[in-house]
There are 2 protein chains.
Amino acid sequence: MQTLSKNQQIIFDLINKSPEPLKAYTILYNVQKKGIKAPLQVYRALDKLVEIGKIHKIESRNAFIACHNSSCQVAKATAFSICEICEKVTEISSDSLSKYLANFKDKDGMKYIKYNLEFFGLCKKCKVK
Amino acid sequence: MQTLSKNQQIIFDLINKSPEPLKAYTILYNVQKKGIKAPLQVYRALDKLVEIGKIHKIESRNAFIACHNSSCQVAKATAFSICEICEKVTEISSDSLSKYLANFKDKDGMKYIKYNLEFFGLCKKCKVK
DNA sequence: ATTAAAATTGTTATAATATAACATTATGTA
DNA sequence: TACATAATGTTATATTATAACAATTTTAAT
Ligand SMILES: [Zn+2]
Ligand SMILES: [Zn+2]
Ligand SMILES: [Zn+2]
Ligand SMILES: [Zn+2]
């Protein structure tokens with residue numbers, strides 16, 4: 001468990017308390033009062049937080065979410081569900097899924113230690129509507 | 001099998017003959033001699049080609065690749081391997097993988113009909129180096 | 001404590017990716 | 001034909017991300 005730097009902590013706190021993934025410039029607007037003024041300051045903190053597995057990037061949305069899976073110490077294997085109506089994003093923590101993917105070998109017998117999986121569908125709320 | 005419009009065909013041909021995923025502005029530079037002058041013309045064609053499953057977007061790379069999986073009629077379930085050194089991208093067509101993911105249900109019993117999976121690792125060539 | 005390396009920060013400018021808005025033209029089909 | 005739908009053309013602008021350079025702080029070894 002490493003300690004975060006000032007900017008990293010400010011930005012992690014914001015993301016961590018957010019119910020939804022945040023975009024880099026949304027983060028920027030929300031931390032300007034705390035002295036973080038430039039995009040690069042945000043992106044550098046984001047890069048580091050992703051690297052150490054505290055947050056993940058939702059690639060299809062260019063947005064960042066705190067890791068809610070205690071087993072994700074490193075940003076190497078991530079799976080999310082994304083509602084195509086309300087954009088709710090949930091981190092999936094399924095032992096069987098992670099085991100299946102960790103053991104997956106392609107035709108050439110290649111194994112992958114890192115993956116990103118994004119499922120799309122309708123969340124419970126949006127399904128009933 | 002639907003017929004492509006002029007711009008769609010030009011852009012699909014370019015992507016289809018490319019050994020690597022192409023970015024939107026790379027595409028733009030390469031089709032300007034054919035009369036496609038503006039980013040929006042490229043993005044509109046890309047959107048349509050993705051929609052009908054002729055190409056896929058590699059989300060982590062903001063790049064587009066032709067579908068090489070005859071069973072992908074729709075852009076709903078895609079899986080790729082990406083080499084982190086040479087950036088070689090390959091579409092994975094594995095019956096067991098697609099079956100597993102198509103049948104995956106999360107904790108709430110939610111099923112997903114659409115997903116995007118990106119595996120990261122080293123390709124054969126880069127592994128031996 | 002001194003020092004050197006590594007990490008973090010600050011700042012300005014710019015590159016790269018993508019969409020809004022509006023007008024026009026082409027295509028399918030009833 | 002006539003209508004609806006899809007595709008195109010064009011300009012401007014929004015959004016996402018990095019380059020380049022200088023300074024400061026933290027870490028860890030001497
Ligand atoms: Zn996680
Ligand atoms: Zn929803
Ligand atoms: Zn495909
Ligand atoms: Zn490679």
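- Under the 3.5 Å distance criterion, the side-chain polar atoms of B:Thr26 are left unmatched by any main-chain donor or acceptor of B:Leu22.
- OP1 and OP2 of C:dT9 both lie 4.0 Å or more from every side-chain N or O belonging to A:Lys48.
- The distance between atom CG of A:Leu4 and atom C1' of C:dT9, rounded to the nearest whole Å, is 15 Å.
- Residue B:Asn62 places no side-chain N or O under 4.0 Å from the OP1 or OP2 atom of D:dT16.
- Listed pair B:Lys34 / D:dT8 fails the phosphate criterion, with no side-chain N or O lying under 4.0 Å from OP1 or OP2.
- For the pair A:Arg44 CZ and C:dA6 C1', the computed distance is 14 Å after rounding to whole Å.
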Would A:Asn116 and A:Glu118 satisfy side-chain hydrogen bond (donor to acceptor under 3.5 Å, both in side chains), going step by step from the backbone distance to the final call?
-> CA-CA 7 Å; A:Asn116 180 53; A:Glu118 296 179 7; 3.2 Å; yes
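- Residue B:Gln41 contributes atom CD, which lies 15 Å from atom C1' of C:dA18 at whole-angstrom precision.
- Neither side chain, A:Glu59 nor B:Ser60, offers a donor N or O lying under 3.5 Å from an acceptor on the other.
- Comparing A:Pro39 and A:Ala45 along DNA chain C, the residue whose closest nucleotide (by nearest heavy atom) sits nearer the 5' end is A:Ala45.
- Residue B:Leu40 places its side chain closer to C:dA21 than to any other of C:dT11, C:dA21, C:dT17.
- Under 4.0 Å is where a charged nitrogen must lie from a carboxylate oxygen, and between A:Lys88 and A:Glu20 no such pair does.
- A perpendicular orientation is assigned to the rings of B:Phe119 and A:Tyr115, their planes being inclined by more than 60° (bins at 30° and 60°).
- B:Lys6 has no side-chain polar atom (N or O) that falls below the 4.0 Å cut-off from OP1 or OP2 of D:dA6.
- Here the C1' atom of nucleotide C:dT8 and the CG atom of A:Asp47 are 13 Å apart, to the nearest Å.
- Remark: C1' of C:dA18 and CD of B:Glu59 are 13 Å apart, rounded to the nearest angstrom.
- Under 4.0 angstrom from either OP1 or OP2 of C:dT27 there lies no side-chain N or O belonging to B:Ser5.
- Contact check, B:Lys37 against D:dG9: no side-chain N or O comes under 4.0 Å of OP1 or OP2.
- For the pair A:Tyr43 and D:dA17, the criterion of a side-chain N or O lying under 4.0 Å from OP1 or OP2 is met.
- Residues of residues 8-27 of chain B having a heavy atom closer than 4.0 Å to DNA chain D, listed by number: B:Gln8.
- Classified by interplanar angle (parallel below 30°, tilted 30° to 60°, perpendicular above 60°), the ring pair A:His56/A:Phe80 is perpendicular.
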